[in-house]
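Report on one structure; see the data block that follows.
Predicted model only: the values in this text are computed from it and were never measured. One-based numbering along the sequence shown.
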Amino acid sequence: QARLVESGGGLVQAGGSLRLSCAASGFTFGDYVGEWFRQTPEKEYEFVAQITWKAETTDYAEFVKGRFTISRDNAKNTLYLHMDNLKPEDAGVYFCAASRWGGHNHEEVNYWGQGIQVTVSS
């Protein structure tokens, strides 16, 4: 059974850092683009970051550029999101996702994590 399990969320003060991890199992992780989305209070999925199959390319939503870094370790079947200089407006539930072709589109995600809370205090 394909699974993505996030960890590393929690509470951090504004200006602080947090590293989210996403452990994949039950499928060939290296065949999938890794993505992170944030869910809004309206339950909409907002694209955050993407990394291609062997980390050939990365791209980011404008609101996280220069502050967040997406990475992956295919040997460990793990996707990461390192978040620096966190702002209160960064808070929310973050989901990792695996997509065969990527594209920043939540409707084309093949596998989803369960979501993990990130809270930023001011």
Of the non-hydrogen atoms in Gly92 and Tyr94, which two are nearest, and what is the gap between them?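 Heavy atoms of Gly92 and Tyr94 come nearest at O-CD1, 3.6 Å.
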Gln13 atom CD, over 12 foreign heavy atoms within 6.0 Å: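 Check fails, neighbour count at 12 or below.
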Other residues, nucleotides and ligands only: do more than 12 of their heavy atoms fall within 6.0 Å of CZ on Arg100?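 Enclosed.
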Are [X] and [Y] close enough that some pair of their side-chain heavy atoms sits under 4.5 Å apart?
X	Y	result
Asp59	Phe47	yes
Thr58	Tyr60	yes
Lys54	Thr52	no
Ile70	Trp36	yes
Arg3	Tyr111	no

What is the ring orientation for His106 with Phe37, classed by angle as parallel under 30°, tilted 30 to 60°, or perpendicular over 60°?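 Correct class here is perpendicular.
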Return yes if some donor-acceptor pair links the side-chain N/O of Gln39 with the main-chain N/O of Phe95 below 3.5 Å, else return no.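 Pair absent, no side-chain N/O of Gln39 close to backbone of Phe95.
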Quick one: does any side-chain atom of Glu6 pair with a main-chain N or O of Gln114 as donor and acceptor, under 3.5 Å?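 A pair under 3.5 Å: yes.
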When you measure from the centre of the six-membered ring of Tyr80, is the NZ or CZ of Arg19 closer than 6.0 Å and no more than 45° off the axis?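 Yes.
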Report yes or no: is the cationic atom of Arg38 (NZ for Lys, CZ for Arg) closer than 6.0 Å to the six-membered ring centre of Tyr45, at no more than 45° off its axis?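 No cation-pi geometry.
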Donor + acceptor pair across side chains of Ser99, Glu35 (<3.5 Å):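 Checked: Ser99/Glu35 side chains pair up, N/O donor to acceptor below 3.5 Å.
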Asp84 and Ser17: side chain donor to acceptor below 3.5 Å: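 Checked: Asp84/Ser17 side chains pair up, N/O donor to acceptor below 3.5 Å.
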Set of residues satisfying salt bridge (Lys or Arg N to Asp or Glu O under 4.0 Å) with respect to Arg67, sequence neighbours excluded: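 Result, salt bridge (Lys or Arg N to Asp or Glu O under 4.0 Å) vs Arg67: Asp90.
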